[in-house]
Amino acid sequence: MIDEDLKAGKNDGRVHTRFPPEPNGYLHIGHAKSICLNFGIAADYNGMCNLRFDDTDPSKEEVEYVDSIKQNVRWLGFDWADREYYASDYFEQLYAYAVQLIKAGKAYVDSLSAKEIRQYRGTLTEPGRNSPYRDRSVAENLNLFERMRAGEFADGEHVLRAKIDMASPNIVLRDPTLYRIKKVAHYRTGARWCIYPMYDFTHCLSDSIERITHSLCTLEFEINRALYDWVLDNLEVECHPQQIEFARLNLSHTVLSKRKLIQLVEKGHVKGWNDPRMPTISGLQRRGYTPESIRNFCERIGVAKADSMVDIALLEYCIREDLNLRAPRVMGVLRPLRVVIDNYPPDQVEELEAINNPEDPSTGTRKVPFSRELYIEKDDFMEDPPKKFFRLAPGREVRLRYAYFIKCVKVVKDPQSGEVTALHCTYDPATRGGSAPDGRKVKATLHWVSAPHALAAEVRLYDHLFIKENPNEVEEGRDFTHYLNPHSLEILKDCRVEPSLAGTAPGRRYQFERLGYFCVDAVDSFPAKPVFNRTVTLRDTWAKIQKARPK
RNA sequence: UGAGGGAUCGUCUAGCGGCAGGACGACGGGUUCUGGCCCCGUUAACCUAGGUUCGAAUCCUAGUCCCUCAGCCA
């Protein structure tokens, strides 16, 4: 990519990147873009990519997040070997660098309050003013900084700042804070430290320590690049990595900011970080997404410097494309409608042969039991069918997949509600296996299960988390949760699936023919009562026709 | 308003002075024992205005619009 020119001699041809998450939340699909980019570029140029936790704010970071991040990156298919680093492991070195800066007269201890510092900083258009403490002697700064570390002061009493230029048009350069006092235990260093370095000081030096060549980050850090370079230019370092920015991912119908995701979790709008509706890696995994489909998605969206909003339809396309090739087909009925085949012998059961995956003949076939009593999908019958409805209707003949042609002869309704409760049909024995010897055609093929043989199952149907394409764009007085989709989860407790699904394992993925791709829930599914998550529907032309002309 | 960035089909993205291409979506058709897959086709874009040039999405000038920054978060 952009690296091609840089490879012309620089870094003696070495390419070394890193993925630097802060362990203060779960990773989401936007991070997947960064992961694929960083590990991908390293792989492309025969280089390496480190995993580094940017853990310099102990008040927000936890091991739970570290563990989930490691699991997610691994699941996505990337390997950082033994290069698992933590900024917190560099605290001692970072401290020494800070002392070096003080000695060079390029950093000072400021004793202004946070509020005062803000006032002194100026605004976007007006320059800031120097802090009255800006000209403390090197010795005094050294002494104060040492005592900050020793815990002699309370939070906020002092900070260490770089001495750059309070009048800089770039606000980031107006004597940025380098260290603050935070008497909070760190999940890794415990109580060893009570001062913690800031991002701008930590990140560039961590990159340098690890001899990173290309430091890829998102657009909002563009303005920080000047500081990234200033720190490295004003310290004796062996390696000065190049920071390169790219646009973060925005996905339609969801949110991708940690702040908002954490809010969805904490306010109970979803059931947790791994709720299948969440755009988190854990959520997508539980939903049934494959690592391959996510990597492929990241490849397709590309990398650029312009803000963009990727249509979630592309993500859905990617998972369908992958699962179409590898998911075994099965039959399952979501909303069962009882069908009695009047002319089928009451005690007879036949084992019919069904293809496991037409895209992959090597997966062979299986047997599916057929009997006099079946279930079909409620949506596959209409008493009064509109023009383009090809499925079952009174007097109409359709095919039951891999089974027989059946014709609807009678509709049973609930006398009270008028709701259709069962259908009586006749079958044509000559159409066994699904084809008519006389060449007769039917316009539809339905999926079905044998009532006495079927397994009961729970199925969870998921839809977009948000109604609005961009929930970040809010009207006056509203917040993004206002656009939550009330139908993002529909639980169906009385579904029936074919018996071959008995004993299936958590995480297994299937295509329920004509419906979509489903995966056995990793948390709530048990052999006695399997639970399936709908990963994504199949493309559905009939649904589109219905949507096009609403009644 | 200061500084730093960015603008190409509805969406994402190629292009590096020489026919604006691909993918997703949408629409239409073919095929089909999944209204799936697959195949074919249609739709549709260079932010604006000048300039340089035989020739500009690309180079220059001036504008317009959008994003980021005033945390002791990252």
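Residue numbering restarts at 1 for every chain, and letters A, B, ... go by the order of the sequence lines. Everything numeric here is computed off the predicted structure, so don't read it as measured data.
At a threshold of 4.0 angstrom between heavy atoms, the contacts of A:Arg300 are confined to the sugar-phosphate backbone, with no base atom among them. Residue contacts shown for A:Gln511 include a base, since a base heavy atom lies under 4.0 Å away. Counting any heavy atom pair closer than 4.0 Å across all strands shown, A:Arg329 reaches a base atom. Across all strands, A:Glu513 comes closer than 4.0 Å to base atoms (heavy-atom distances). Note on A:Phe390: a base of the nucleic acid sits closer than 4.0 angstrom, heavy atoms only. Residue contacts shown for A:Tyr196 are absent, as no nucleic acid heavy atom lies under 4.0 Å away. Among the heavy atoms of the strands lying under 4.0 Å from A:Pro358 is at least one base atom, whether or not backbone atoms are also near. Residue-level contact check: A:Phe389 touches the bases, meaning some heavy atom is under 4.0 Å from a base atom.
Both the sub-6.0 Å distance and the 45° axial angle are satisfied by A:Arg129 relative to the ring of A:Tyr120. Judged by the 6.0 Å distance and 45° axis criteria, A:Arg399 is not positioned over the aromatic ring of A:Tyr404. Geometric assessment of A:Lys182 against the ring of A:Tyr196 yields a negative cation-pi assignment under the 6.0 Å and 45° thresholds.
Distance, A:Asp307 CG to B:U8 C1': 16 Å, rounded to whole Å. Atom CZ of A:Phe512 and atom P of B:U34 are 19 Å apart (whole Å). Summarising the geometry, the separation between NZ on A:Lys33 and P on B:C12 is reported as 11 Å, rounded to the nearest angstrom. Following rounding to the nearest Å, A:Ile545 (CD1) and B:G35 (P) show an atom-to-atom distance of 11 Å. One atom, CG of A:Leu315, and another, C1' of B:A23, lie 14 Å apart when rounded to the nearest Å. In this structure, A:Asn357 atom CG and B:C38 atom C1' are separated by 14 Å, rounded to whole Å. The interatomic distance linking A:Asn296 (CG) with B:C24 (P) rounds to 11 Å, in whole Å.
B:G25 sits 42 Å from B:U61 when the P atoms are compared, rounded to a whole Å. Rounded to whole Å, the P atom of B:G10 lies 44 Å from the corresponding atom of B:C73.
The side chain of A:Asp311 lies closest to B:U11 when the candidates are B:C12, B:G36, B:U11. Of the candidate nucleotides B:G35, B:A23, B:C12, B:C12 has the atom nearest to the side chain of A:Ser308. Nearest to the side-chain atoms of A:Ala304 among the listed nucleotides B:G25, B:U13, B:G35 stands B:U13.
You'll find a donor-acceptor pair under 3.5 Å spanning the side chain of A:Glu359 and the base of B:G36, going by distance alone. No hydrogens or angles were tested; on distance alone, a donor-acceptor pair under 3.5 Å links the side chain of A:Arg391 to the base of B:G35.
Among residues at least two apart or in separate chains, there is no ring pair (Phe, Tyr, Trp, His ring centres under 6.0 Å) pair with a member in residues 296-322 of chain A. Applying the side chain to side chain donor-acceptor pair (under 3.5 Å) test to every pair with at least one member in residues 160-174 of chain A, sequence neighbours left out, gives these pairs: A:Asp110-A:Arg161.
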*Under 4.0 Å protein heavy-atom contacts per nucleotide of nucleotides 69-74 of chain B, with B for base, S for backbone only and - for none*: BBSBSB
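Every residue was checked against the salt bridge (Lys or Arg N to Asp or Glu O under 4.0 Å) condition with A:Asp54, not counting sequence neighbours, and none meets it.
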*Given the rule that a pair is Watson-Crick or G-U wobble with both distances under 3.5 Å, how would you write RNA chain B in dot-bracket, using | for pairs to a different strand?*
.((((((..((((....[..)))).(((((.......)))))....(((((..]....))))))))))).....
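Near-neighbour residues of RNA chain B inside residues 535-544 of chain A, defined by a heavy atom below 4.0 Å, number-ordered: A:Leu538, A:Arg539, A:Asp540, A:Thr541, A:Trp542, A:Lys544.
Applying ring-ring contact (aromatic ring centres under 6.0 Å, His included) to A:Phe53 and the options A:Phe19, A:Tyr65, A:Tyr86 leaves one that passes, A:Tyr86. Of the candidates A:Tyr108, A:Tyr97, A:Phe145, A:Phe145 is the only one forming a ring-ring contact (aromatic ring centres under 6.0 Å, His included) with A:Tyr179.
In terms of phosphate contacts, A:Arg514 brings a side-chain nitrogen or oxygen within less than 4.0 Å of OP1 or OP2 of B:G35.
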*Could you check A:Phe390 against A:Trp542 for ring pair (Phe, Tyr, Trp, His ring centres under 6.0 Å), going step by step and ending with a plain yes or no?*
CA-CA 9 Å; A:Phe390 303 144; A:Trp542 170 237; 7.5 Å; no
*Assess whether side chain to side chain donor-acceptor pair (under 3.5 Å) is satisfied between A:Thr290 and A:Asp322, documenting all intermediate values.*
CA-CA 8 Å; A:Thr290 59; A:Asp322 189 21; 2.4 Å; yes
